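In what follows, a structure is listed as structure tokens, so that the remarks can point back to it.
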Amino acid sequence: MAKDQGVERPTRRTEYRIVFATRQAEKGWRDLRATTLNALADAWDALTRDPEASTPTCHPLKDDLSTVTVGGVVHVRRQYELPGGARIWYYVTSGSPGTVHLMDVHTHHPNATK
């Protein structure tokens, strides 16, 4: 084991796993991590605990953006809002553990929802 190697956050059995579904989401996550670390940590906590909760900051998208089809399966596309207009768009699949698939991570308010 390398000295000073980062320690991955352990997850509870009831928590959801978060994965990148696109390269854009991975890049956007890195960019948000560099600028809004505390808010991103709060988003991580919310998305691993209850990603399908409907709150003022976490909810399904509407109209043409409300669903996403992946591998022939239609999923509800959801949005988590961060301060400053940043947004995380994702869908959830069930399982043990369930999985949050990050589709788009926007560092500012996306034009599609203005």
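Numbering starts at 1 and runs along the sequence shown. In this text, all values refer to a predicted model and were calculated from it rather than measured experimentally.
- Partners of H59 by side chain to side chain donor-acceptor pair (under 3.5 Å), not counting sequence neighbours, listed by chain and number: E81.
- With hydrogens and angles disregarded, a donor-acceptor distance shorter than 3.5 Å links the side chain of T55 to the backbone of C58.
- Among residues two or more places apart in sequence or in another chain, the side chain to side chain donor-acceptor pair (under 3.5 Å) test is passed with Y91 by none.
- Y90 contributes a side-chain N or O that, together with a main-chain N or O of P51, makes up a donor-acceptor pair within less than 3.5 Å.
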Please lay out, stage by stage, how H101 and T93 fare under the test side-chain hydrogen bond (donor to acceptor under 3.5 Å, both in side chains). CA-CA 8 Å; H101 302 263; T93 56; 2.9 Å; yes
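- In this structure, R78 contributes its side chain and V76 its backbone to no donor-acceptor pair below 3.5 Å.
- Put simply, the side chain of S54 reaches to within 4.5 Å of the side chain of P60, judged on heavy atoms.
- Between T22 and L102 there is no side-chain heavy-atom pair separated by less than 4.5 Å.
- T107 OG1 to R87 CZ: the interatomic distance, rounded to the nearest 0.5 Å, is 11.5 Å.
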So R77 and T67, side-chain contact (heavy atoms from CB on, under 4.5 Å) or not? Walk me through it. CA-CA 5 Å; R77 188 181 342 211; T67 61; 5.8 Å; no
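- Contacts classified as side chain to side chain donor-acceptor pair (under 3.5 Å) and involving residues 29-50 (residues at least two apart or in different chains) are given here: K27-D31.
- With rounding to the nearest 0.5 angstrom, the CG atom of L82 is 13.5 Å from the NE2 atom of H108.
- The distance from the CG atom of L61 to the CE atom of M103 is 11.0 Å, given to the nearest 0.5 Å.
- When side chains are defined from C-beta on, L65 counts as touching W89, because their heavy atoms get closer than 4.5 Å.
- In this structure, the side chain of Q24 engages the main chain of V105 through a donor-acceptor pair within 3.5 Å.
- Atom CG of L47 and atom CD1 of I88 lie 5.5 Å apart (nearest 0.5 Å).
- Considering every non-hydrogen atom in both A46 and Y80, the closest pair reads CB-CE1, 3.7 Å.
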For side-chain contact (heavy atoms from CB on, under 4.5 Å), just list the numbers for Y16 and V92, CA-CA rounded to whole Å, side-chain angles, deciding distance to a tenth of an Å, and then say yes or no. CA-CA 9 Å; Y16 285 74; V92 179; 3.6 Å; yes
